[in-house]
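Have a look at this one.
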Number of protein chains: 2
Amino acid sequence: MAADMLTQAIQELKDHKIRVTPQRQIILTYLVTHHNHPSVETIYQALDTQLPNLSLATVYNTLKLFVDLGIVIELQNGDAGTHYDFFGRPHYHVVCENCGKITDVFEPDLSGVEAKAAELSGYLVTSHNMEVYGLCPDCQKKLGVTRTAELRRLNLSHVD
Amino acid sequence: MAADMLTQAIQELKDHKIRVTPQRQIILTYLVTHHNHPSVETIYQALDTQLPNLSLATVYNTLKLFVDLGIVIELQNGDAGTHYDFFGRPHYHVVCENCGKITDVFEPDLSGVEAKAAELSGYLVTSHNMEVYGLCPDCQKKLGVTRTAELRRLNLSHVD
DNA sequence: TTCTAAATTGGAATCCTTCTAAAAAGTGTG
DNA sequence: CACACTTTTTAGAAGGATTCCAATTTAGAA
């Protein structure tokens, strides 16, 4: 549950001797309880009432910290700006190339990939990230595409 | 071979009724023959002698076009700026978290992922991208990390 | 060759992100 | 509890990547 993940993540900060400030707790709580893949701006605005003096720089700093710790991951969806996602459980993302929507898919089973990559590249592998692209159900309807029509179209022109 | 991939990619432009301009041909040729995952700036400077009046905007426009067509893919390596890679053969990338180096790994075998993601998300899936992170062999030496030492370190503090 | 839509150019403008210096707030010690 | 020290936050400036724009040029078709 959410509370567990929060305390676990806060413990992670303590383990690394990183100060647990109100800003960090509140940003972390936001991320644990919202799975909308927020941008920096979204987080900043959402927390305006809780932390009226919160600085954008702090949001940036905090997110970078969380990403370095592996608590949070970064994603791009074609919009300007980076989006963030609490990474409590391994999952990957499917991104809509039309509207930018990001959907979680919990079905990793990519465990072998890291070992294989390490073997082939000589890298000391620490993590991986997988992104799948396509059209979300809503956009399929909006654009009136059927699976076959879409496949035909993709073969002839590019998406604007 | 490279020449084949170039003509094939140019044919792709024609099929989509996209004009084959000198700028596009030259940028495409650069990408087909260089596998250094160049940034926009790298491409711009490399082509300065061939196309003295080339505009940065054209490089941006052209790369976006190629990405939309699926000829080229975008990657980030932690540096500022986006890097590009001709996608003649399916492969994925291993990125060094210390120096930003990007290494190709040709061993997809992720074919099932798209179908699975489509099934679980309802998206009409068109492509996917996989990135693996770690420390490249050079940085392992430079930093004097052994596999076990590194794993221990990763458990205790974050990378700066 | 001529015509038209598409592409390119170069510079301004925009927007995301980082930097900086000063103030504020944790943490440990005596 | 006060002190000293370090980390963190803040606000705004600065930086840098990318996009936008109007004017010019060009590719490709008729």
Side-chain angles (χ1 to χ4, degrees), chain A residues 10-30 37-45 47-48 50-69 71-84 100 157-158 160, chain B residues 10-30 37-45 47-48 50-69 71-84 100 157-158 160:
Chain A
I10 287 175
Q11 188 57 46
E12 186 83 0
L13 295 183
K14 289 177 180 167
D15 290 350
H16 292 256
K17 303 198 196 311
I18 292 169
R19 292 185 185 168
V20 181
T21 64
Q23 289 87 347
R24 286 172 179 163
Q25 287 192 67
I26 290 173
I27 292 172
L28 192 48
T29 301
Y30 180 88
H37 313 96
S39 65
V40 170
E41 197 61 33
T42 301
I43 296 171
Y44 178 63
Q45 288 176 13
L47 301 182
D48 186 53
Q50 286 180 75
L51 288 171
N53 295 327
L54 179 63
S55 165
L56 249 192
T58 299
V59 181
Y60 275 102
N61 290 339
T62 303
L63 288 170
K64 177 178 286 187
L65 175 70
F66 291 167
V67 169
D68 285 346
L69 288 172
I71 295 174
V72 161
I73 62 172
E74 290 182 334
L75 2 141
Q76 316 285 332
N77 73 341
D79 292 3
T82 305
H83 296 252
Y84 295 86
S157 68
H158 70 283
D160 283 312
Chain B
I10 287 177
Q11 188 57 47
E12 187 83 0
L13 295 183
K14 289 177 181 169
D15 290 350
H16 292 257
K17 304 201 196 310
I18 292 169
R19 292 185 185 171
V20 181
T21 65
Q23 289 86 346
R24 286 173 179 163
Q25 289 191 66
I26 290 174
I27 292 172
L28 191 49
T29 301
Y30 180 88
H37 312 97
S39 65
V40 170
E41 198 60 34
T42 301
I43 296 171
Y44 179 64
Q45 288 175 12
L47 301 182
D48 186 53
Q50 287 180 71
L51 287 172
N53 295 326
L54 178 64
S55 167
L56 251 191
T58 298
V59 180
Y60 276 102
N61 290 339
T62 303
L63 288 170
K64 177 178 286 185
L65 174 69
F66 291 167
V67 169
D68 285 346
L69 288 172
I71 295 175
V72 161
I73 63 172
E74 289 182 335
L75 2 142
Q76 316 283 334
N77 72 340
D79 294 359
T82 304
H83 295 252
Y84 295 86
S157 66
H158 70 284
D160 283 311

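Per chain, numbering begins at 1; letters A, B, ... match sequence-line order.
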Subject >> Spacing of A:L63 atom CG and A:I43 atom CD1 [to the nearest 0.5 Å] >> reply: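 The CD1 atom of A:I43 is 4.5 Å from CG of A:L63, to the nearest 0.5 Å.
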
Subject >> Nucleic acid contacts of residues 50-60 of chain A, taken as heavy-atom distances under 4.0 Å to DNA chain C >> reply: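 Per residue number, the list reads A:A57, A:Y60.
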
Original post:
Which base sits across from C:dA25 as a Watson-Crick or G-U pair, both distances under 3.5 Å?
Top reply: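 Here C:dA25 is engaged in a pair, and the nucleotide opposite it is D:dT6.
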
Original post:
Rounded to whole angstroms, how far apart are CD on B:E74 and P on D:dT19?
Top reply: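 So the CD-P distance, B:E74 to D:dT19, works out to 9 Å.
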
Original post:
Hey, where on DNA chain C does chain B first and last touch, going 5' to 3'? Cut-off is any atom under 4.0 Å from a heavy atom.
Top reply: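 First-to-last contact on DNA chain C, by the 4.0 Å heavy-atom rule, is C:dA5 to C:dG10.
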
**OP:** For the residue pair B:T21 and B:T62, establish whether any side-chain heavy-atom pair is separated by less than 4.5 Å.
**Re:**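 Not touching, per the 4.5 Å side-chain cut-off.
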
Original post:
Any side-chain heavy atom of B:I18 within less than 4.5 Å of one from B:R24?
Top reply: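 Of all side-chain heavy-atom pairs linking B:R24 with B:I18, at least one is under 4.5 Å.
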
**OP:** Return the value, rounded to whole Å, for the distance between atom CD1 of B:I26 and atom P of D:dT26.
**Re:**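 One finds 14 Å between P of D:dT26 and CD1 of B:I26, rounded.
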
Original post:
Does A:H83 offer a backbone N or O that forms a donor-acceptor pair with the side chain of A:H37 under 3.5 Å?
Top reply: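 Not confirmed, A:H37 side chain does not pair with A:H83 backbone.
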
Original post:
Taking only residues two or more places apart in sequence, or in another chain, which ones meet B:I26 in a side chain to side chain contact (heavy atoms under 4.5 Å, CB included)?
Top reply: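 B:L47, B:Q50, B:L51.
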
**OP:** Could you check how far CG of A:D79 sits from P of D:dT18, rounded to whole Å?
**Re:**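 Computing the A:D79:CG to D:dT18:P distance gives 15 Å.
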
Can you tabulate the close N/O pairs, meaning under 3.5 Å, that link protein atoms to atoms of nucleotides 27-30 of chain D?
unit_1	atom_1	unit_2	atom_2	d
D:dA27	N3	B:R19	NH1	3.2
D:dG28	OP1	B:V20	N	3.0

Original post:
Under a 4.5 Å cut-off applied to non-hydrogen side-chain atoms, are A:Y30 and A:T42 in contact?
Top reply: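 Side-chain contact under 4.5 Å: yes.
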
Original post:
Taking C-beta and beyond as the side chain, do A:L65 and A:L69 meet within less than 4.5 Å on heavy atoms?
Top reply: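 Yes, their side chains come closer than 4.5 Å.
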
Original post:
Taking CG from B:N61 and P from D:dA17, how many angstroms apart are they, rounded to a whole number?
Top reply: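 These atoms are roughly 17 Å apart.
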
Original post:
Taking only residues two or more places apart in sequence or in another chain, which ones pass side chain to side chain contact (heavy atoms under 4.5 Å, CB included) with B:N53?
Top reply: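 Applying side chain to side chain contact (heavy atoms under 4.5 Å, CB included) to B:N53 gives none.
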
Original post:
Does the side chain of B:L28 come within less than 4.5 Å of B:I71's, by heavy atoms?
Top reply: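 They are in side-chain contact.
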
Subject >> Contact check, side chains of A:N77 and A:L75, non-hydrogen atoms, under 4.5 Å >> reply: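 A side-chain contact under 4.5 Å is absent here.
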
**OP:** Round to the nearest Å and state the distance from A:Q25 atom CD to D:dT8 atom P.
**Re:**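 Rounded to whole Å, this separation is 14 Å.
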
Subject >> For B:Q45, side chain to side chain donor-acceptor pair (under 3.5 Å) partners two or more places apart >> reply: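 With neighbours one apart ignored, the set is B:E41.
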
